[in-house]
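Index from 1, following the sequence.
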Amino acid sequence: MSSHLAGAPDIWSQLSSSFDNDAAYWAAWLQCCQRGLPDLREVVLVLADEPDTGPFLPALMWPQADGVSPLMAALCERVLDMHMPLQQVQDGVLVLVLPLLLHGRIHGVLGAALPATGNVRQVLDWLKWGMGWALLRQGQQMADDGEFTERLLKSLDLLMLVVGESTAHDACHAVVTDMAVALACDRVAVGFASRGHIKLKALSHSAEFAGRQDLASFLGNAMNEAADQGAAFYFSPDEEADASRGLRIDREHRALAEGFAANHILSVPFFLDDERYGVFVFEWTAPQLASAQRHLAQTLPPIVGRMLLDKLHAERPWWQRLRGVASTELNRLLGPLHAGRKLFALCSVVLLLFFSLAEGDYRIAAESQLEGAVKRTIVAPFDGFVANAYARAGYVVSKGSLLATLDDRDLKLEANKWGSTQSQYLNQLQDAQAQSDLSQIQISIAQSEQAAAQKALSEGMLDRSRIHAPFAGFIVTGDLSQQLGGAVKKGQTLFEIAPLDSYRVILYVNEADIDEIVVGQPGQLVVTAMPGERLPLRVSLVTSVAQAREGKNVFRVEATLLGKNAKLRPGMEGIGKIHVGERKLIWIWTHSLFDWLRLNIWSWLGW
């Protein structure tokens with residue numbers, strides 16, 4: 001029984017409480033089937049008012065309440081006539097129809113349609129489950145089948161008990177104790193397979209059995225004996241001559257009976273698959289055992305045991321679940337059907353081999369910024385005031401272009417002043433020469449030369465008040481248009497100019513990749529402003545000092561931009577990639593992850 005139902009006690013409650021309401025009962029029944037078989041495409045249930053004679057009328061049709069497919073209808077009629085199950089595949093759909101037989105009489109048919117690629121064994125299990133509940137409904141309506149109704153109602157009580165417990169451990173103890181009371185057993189035990197060997201899980205009326213290792217050992221051996229023979233196993237020391245026992249091996253059951261004075265032992269295995277199975281063991285010390293007790297004890301474990309197996313399966317630790325999923329996928333991959341999985345696995349292996357053997361160009365990417373090869377700074381030649389501004393940042397200027405002028409009125413006055421002073425000293429020189437006054441001549445000459453020097457200085461300062469571009473380029477910084485009339489200090493930066501025909505690229509390489517970078521490696525740059533163009537570059541300098549940038553350590557790497565492009569401007573940013581060499585493609589894509597793992601394993605474990 002699917003583990004889907006273990007988490008849906010409301011459906012069990014609906015089934016148990018809706019015997020008097022056909023619509024509610026069959027709605028809950030259909031919901032259970034859909035949970036266990038999510039790929040269900042069609043369901044039909046036909047029941048008889050009287051077994052064998054009929055009339056046979058549909059109790060449930062889904063998804064269309066007024067009809068079924070022609071193939072389903074034909075198979076249902078044939079099953080009613082033959083009293084045998086039939087199946088047929090048409091257009092990728094499996095149609096399976098089973099007869100509802102009870103004591104050799106046919107009570108109806110149950111049919112289902114599912115994809116032909118599904119698990120037929122699982123489908124059969126669920127259809128048998130559905131048959132049981134359908135027959136329970138029939139038994140509830142037929143007063144002459146009280147024993148069957150009692151058996152199924154007891155199964156429902158035990159299923160609700162399993163669902164109601166929070167853990168599988170509690171559910172096992174509750175179930176064996178309830179069974180012992182209901183069947184008047186002296187002891188009921190249940191065990192489950194673990195690595196091919198059944199181990200005792202719960203014992204009735206005992207929360208713990210650690211102090212009863214001898215009993216646990218005997219019960220475990222008896223369970224394994226019954227599981228190995230794969231059928232319900234009844235043993236009584238008083239029935240040694242029973243011919244039905246045939247060549248059956250009963251050594252462990254005999255030892256259990258002799259060791260603990262049991263007159264009747266019934267071991268009933270239950271299975272889900274080759275790895276998930278278990279055994280219930282019932283013991284009575286009474287001299288006589290009623291056939292009804294034995295029959296009920298034999299029919300309950302296959303139903304309740306499957307629910308317990310599902311509950312145990314759902315509580316497995318994560319590593320067992322992972323192993324189970326891996327095993328299931330491996331069986332699907334290596335077993336029949338599941339062609340899509342096989343094709344996907346084959347393609348994955350081919351791709352893995354290709355990328356493990358193929359080589360590609362390994363490139364290291366880094367954030368980049370464009371700078372001029374040189375950057376000329378133009379400063380204020382003297383303290384003064386801004387008179388005019390003719391260019392600012394962002395302008396492309398030619399060599400000698402006038403950028404700005406400083407206020408030169410004071411310089412002009414000073415130049416005129418020193419010109420007048422020089423003329424005065426020259427006149428004094430002429431007078432001294434006329435009087436042949438040698439000392440005065442020397443003084444006048446010196447004063448005249450001093451005045452000439454001062455005048456030349458003033459005129460030079462006057463020329464420097466006109467600020468020109470030293471070469472053709474791009475003004476990176478500087479805007480005096482917002483400072484007209486404002487004061488500037490001598491040495492203050494007015495403009496920065498970079499040439500347009502010579503650039504260098506600054507790459508900020510992550511510290512994890514810096515050991516791969518050497519001078520001379522080629523690469524490419526793509527700037528944000530021109531994403532469609534790849535500009536060639538070559539590494540020219542690798543610095544050995546790290547710097548923090550955007551929360552990570554990077555190293556500054558300089559590269560020379562090869563070729564020219566008139567659209568480039570200093571300050572542009574983009575992504576640069578440096579070509580390191582040929583490497584395996586799988587290494588290129590995974591080396592960063594493995595480097596991170598090695599570093600963190602060293603940090604955590606010191607390996």
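- Residues P115 and D39 share a closest heavy-atom pair of CD-O, 3.4 Å.
- Residue pairs meeting the side chain to side chain donor-acceptor pair (under 3.5 Å) criterion with at least one partner in residues 583-592, sequence neighbours excluded, are Y362-H591, E516-R583.
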Name each donor-acceptor pair under 3.5 Å that joins a side chain in residues 531-543 to protein atoms two or more places apart or in another chain, with its distance.
{"residue": "E533", "atom": "OE1", "partner": "N565", "partner atom": "ND2", "Å": "2.8"}
{"residue": "R538", "atom": "NH1", "partner": "G520", "partner atom": "O", "Å": "2.9"}
{"residue": "S540", "atom": "OG", "partner": "E558", "partner atom": "O", "Å": "3.2"}
{"residue": "T543", "atom": "OG1", "partner": "R556", "partner atom": "N", "Å": "3.4"}
{"residue": "T543", "atom": "OG1", "partner": "R556", "partner atom": "O", "Å": "2.6"}

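- I378 meets the side chain to side chain contact (heavy atoms under 4.5 Å, CB included) test with L403, I467, P470, F495, I497; sequence neighbours excluded.
- Looking only at distances, a side-chain donor or acceptor of Q492 sits under 3.5 Å from a matching main-chain atom of K489.
- Partners of R332 under the salt bridge (Lys or Arg N to Asp or Glu O under 4.0 Å) rule, at least two apart in sequence or in another chain, are E329.
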Donor-acceptor pairs are to be reported for all side-chain atoms of residues 380-395 against protein atoms at under 3.5 Å, with residues two or more places apart or in another chain.
{"residue": "D383", "atom": "OD1", "partner": "K490", "partner atom": "N", "Å": "2.6"}
{"residue": "N388", "atom": "ND2", "partner": "T405", "partner atom": "OG1", "Å": "3.2"}

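- Here R316 pairs with H313 under the side-chain hydrogen bond (donor to acceptor under 3.5 Å, both in side chains) rule; sequence neighbours left out.
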Q.
Is there a side chain to side chain contact (heavy atoms under 4.5 Å, CB included) between L309 and F192? Walk through the geometry before answering.
A. CA-CA 8 Å; L309 284 172; F192 300 96; 3.4 Å; yes
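- Contact detail for L484 and S481: the closest heavy-atom pair is CG-O, 3.8 Å.
- With sequence neighbours excluded, no residue forms a side-chain hydrogen bond (donor to acceptor under 3.5 Å, both in side chains) with S423.
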Atom pairs and distances, donor-acceptor, side-chain atoms in residues 572-580, under 3.5 Å, two or more places apart:
{"residue": "H579", "atom": "ND1", "partner": "D361", "partner atom": "OD2", "Å": "2.6"}

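- Residues V518 and Q521 come closest through the heavy atom pair N-OE1, 3.1 Å.
- Shown here are the side chain to side chain contact (heavy atoms under 4.5 Å, CB included) partners of F474, two or more places apart in sequence or in another chain: V396, V476, L500, R569, P570.
- Evaluation of the salt bridge (Lys or Arg N to Asp or Glu O under 4.0 Å) rule for R549 yields E367 as partners, not counting sequence neighbours.
- Legend: residues meeting side-chain hydrogen bond (donor to acceptor under 3.5 Å, both in side chains) with S603, ordered by chain and number and at least two apart, are absent.
- In this structure, CG in D170 is found 3.0 Å from OG1 in T167, a value given to the nearest 0.5 Å.
- Remark: T493 pairs with no residue by the side-chain hydrogen bond (donor to acceptor under 3.5 Å, both in side chains) rule, at least two apart or across chains.
- The two residues S166 and E315 have their closest heavy-atom pair at O-OE2, 3.8 Å.
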